[in-house]
Amino acid sequence: MNTYKSTRHAKFLINYHFVWIPKYRKDFLKGPEVKNTVEETIRELSKTYKFDILALEIMPDHIHLFISALPRYSPSELINVIKGATGRKIGQKFPQYKQRDSVWTRAYFVATAGNVSAETIKKYIESQWKKVEKDR
């Protein structure tokens with residue numbers, strides 16, 4: 001899960017935890033067909049945008065998605081693609097859940113996660129000058 005990945009020009013570990021909710025906090029995500037539609041759509045997107053799904057929980061009134069992504073995409077780009085595609089699919093298959101032309105609220109939560117804590121990184125950066133001075 002927390003292994004570094006590489007492209008031609010970068011070595012990276014970028015994990016995002018996203019949470020988003022349906023418009024008006026409707027609890028339509030409890031239906032198995034809706035859950036399957038959301039999950040299948042996210043799995044298709046993971047292939048297209050080359051992100052790994054580390055965890056996915058579809059609750060009755062919100063979704064948690066934990067992914068490992070390429071540095072090419074910002075968190076806002078990823079969530080817009082994911083919410084847009086899943087919302088379109090739900091609207092097409094289940095028009096009764098579309099509220100005022102959309103399924104999801106515009107809001108979302110995102111947090112980053114990695115191998116080490118912010119405190120560890122801060123200490124590492126602060127120690128760099130000490131290391132340079134010691135090596136002189």
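Predicted model only: the values in this text are computed from it and were never measured.
- Annotation: side chain to side chain donor-acceptor pair (under 3.5 Å) contacts of Lys47 (sequence neighbours excluded): none.
- Listed by chain and residue number, Thr86 satisfy the side chain to side chain donor-acceptor pair (under 3.5 Å) test with Trp104 (two or more places apart in sequence, or in another chain).
- In this structure the side chain of Thr112 never reaches within 4.5 angstrom of the side chain of Asn15, judged on heavy atoms.
- Checked against Leu29 for a side chain to side chain contact (heavy atoms under 4.5 Å, CB included), the options Val34, Ile21, Thr37, Val103 give a single hit: Val34.
- When the salt bridge (charged side-chain N to carboxylate O under 4.0 Å, His left out) test is applied to Arg106, no partner is found at least two apart in sequence or on another chain.
- Residues satisfying the side chain to side chain donor-acceptor pair (under 3.5 Å) criterion with Ser74, sequence neighbours excluded, are Ser76, Glu77.
- With respect to Lys35 and Glu40, no salt bridge is recorded, no charged nitrogen being found less than 4.0 Å from a carboxylate O.
- Atom CD1 of Ile67 sits about 8.0 Å away from atom OH of Tyr16, to the nearest 0.5 Å.
- A side-chain donor-acceptor contact under 3.5 Å links Ser6 and Lys11.
- The shortest side-chain heavy-atom distance between Ile14 and Leu70 does not fall under the 4.5 Å cut-off.
- Remark: His64 engages His17, His62 in a side chain to side chain donor-acceptor pair (under 3.5 Å) (not counting sequence neighbours).
- A distance-only check finds a donor-acceptor pair linking the side chain of Lys83 to the backbone of Ala107 [under 3.5 Å].
- Residue pairs satisfying the side-chain hydrogen bond (donor to acceptor under 3.5 Å, both in side chains) criterion with at least one member in residues 48-59, sequence neighbours excluded, are listed as follows: Lys5-Asp52.
- Summarising the geometry of Tyr97 relative to Ile90, their closest heavy-atom pair is CB-CG2, 4.2 Å, with the distance given to 0.1 Å.
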